[in-house]
Amino acid sequence: MTTEPRFENLSLTEQVVLLGVTVQHRESETPIQTHDLRRVCRTQLENVDTEVVGTITEADVMRSLYRLEDEGFVEETDTERTSPTGKGRPAYALAISPETVREGVDDSLLESE
């Protein structure tokens, strides 16, 4: 039994992170790691007309990804790459359709077209 994702429970920062994963999914660049996703999110915020979300840190991205995974929006996958300390780096992929994301996130976060 599948439940519908609940966008109203997501903060704007979590929605920005979800949009970042969606952008990378559409470009066949997932799974994506947190440090790369932070860069994507910052670029995305430059293209929207909102000042509600401030600077996104890597910690913000990590917290958001944990929440998004718990809520069923993204899923963690293992990668072959390791961090400088030799630990595996988790990467994340979209667990719902990109169309569902675009319909569910706050309109102010979508790029002005």
Side-chain angles (χ1 to χ4, degrees):
M1 179 165 104
T2 318
T3 60
E4 281 295 312
R6 302 205 36 151
F7 287 91
E8 65 272 8
N9 294 336
L10 298 180
S11 71
L12 285 177
T13 299
E14 291 163 347
Q15 291 181 46
V16 168
V17 171
L18 181 58
L19 280 171
V21 175
T22 303
V23 166
Q24 293 307 100
H25 172 83
R26 287 183 182 225
E27 295 178 4
S28 299
E29 296 290 330
T30 53
I32 186 168
Q33 294 179 335
T34 57
H35 61 282
D36 293 326
L37 185 54
R38 178 176 172 244
R39 178 185 41 78
V40 170
C41 290
R42 285 182 159 189
T43 301
Q44 285 297 111
L45 283 175
E46 291 172 1
N47 297 323
V48 298
D49 191 24
T50 185
E51 294 183 20
V52 177
V53 180
T55 302
I56 293 184
T57 66
E58 193 164 345
D60 293 330
V61 171
M62 291 173 64
R63 279 190 299 274
S64 295
L65 286 168
Y66 294 147
R67 173 84 191 285
L68 291 168
E69 183 181 23
D70 286 345
E71 297 290 326
F73 290 94
V74 299
E75 54 193 10
E76 182 181 338
T77 61
D78 290 325
T79 64
E80 300 292 320
R81 295 186 274 178
T82 58
S83 69
T85 59
K87 296 180 181 178
R89 287 187 169 170
Y92 294 84
L94 200 56
I96 61 175
S97 76
E99 293 76 23
T100 301
V101 173
R102 287 195 62 83
E103 290 171 9
V105 297
D106 190 295
D107 289 341
S108 68
L109 297 177
L110 299 175
E111 289 185 34
S112 304
E113 299 176 304

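Because the structure is predicted, anything quoted here is derived from the model rather than measured.
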| request: Any chance you could measure E29, atom CD, to L37, atom CG, to the nearest 0.5 Å? | output: 12.5 Å
Expected list for residues 56-64: side-chain donor-acceptor pairs under 3.5 angstrom, two or more places apart:
| unit_1 | atom_1 | unit_2 | atom_2 | d |
| --- | --- | --- | --- | --- |
| T57 | OG1 | A59 | N | 3.4 |
| T57 | OG1 | D60 | N | 3.0 |
| T57 | OG1 | D60 | OD2 | 3.1 |
| E58 | OE2 | T34 | OG1 | 3.1 |
| D60 | OD1 | R63 | NH2 | 2.6 |
| D60 | OD2 | T57 | N | 3.0 |
| S64 | OG | D60 | O | 2.8 |

| Whether Q15 side chain and L10 backbone form a donor-acceptor pair below 3.5 Å | yes
| query | To the nearest 0.5 Å, how far apart are CG in L109 and CZ in R102? | reply | 11.0 Å
| said: Which heavy atom of I96 sits nearest to which heavy atom of F7, and what is that distance? | reply: CD1-CZ, 4.1 Å
| field | Gap separating the CD atom of E75 from the OH atom of Y92, nearest 0.5 angstrom | value | 11.5 Å
| request: Show the numbers, then the answer: is there a side-chain contact (heavy atoms from CB on, under 4.5 Å) between R42 and R38? | output: CA-CA 6 Å; R42 285 182 159 189; R38 178 176 172 244; 2.7 Å; yes
| query | Looking only at heavy atoms, which two atoms of A91 and P31 are closest? And how far apart? | reply | CB-CB, 3.5 Å
| The single option from V40, T77, L65 passing side chain to side chain contact (heavy atoms under 4.5 Å, CB included) against I32 | V40
| said: So, using salt bridge (Lys or Arg N to Asp or Glu O under 4.0 Å) as the criterion, who are the partners of R67 when residues are at least two apart? | reply: E14, E71
| field | Gap between atom CZ of F73 and atom OG1 of T100 - 0.5 Å precision | value | 9.5 Å
| Checking T22 side chain against L18 main chain: does a donor-acceptor pair fall under 3.5 Å? | yes
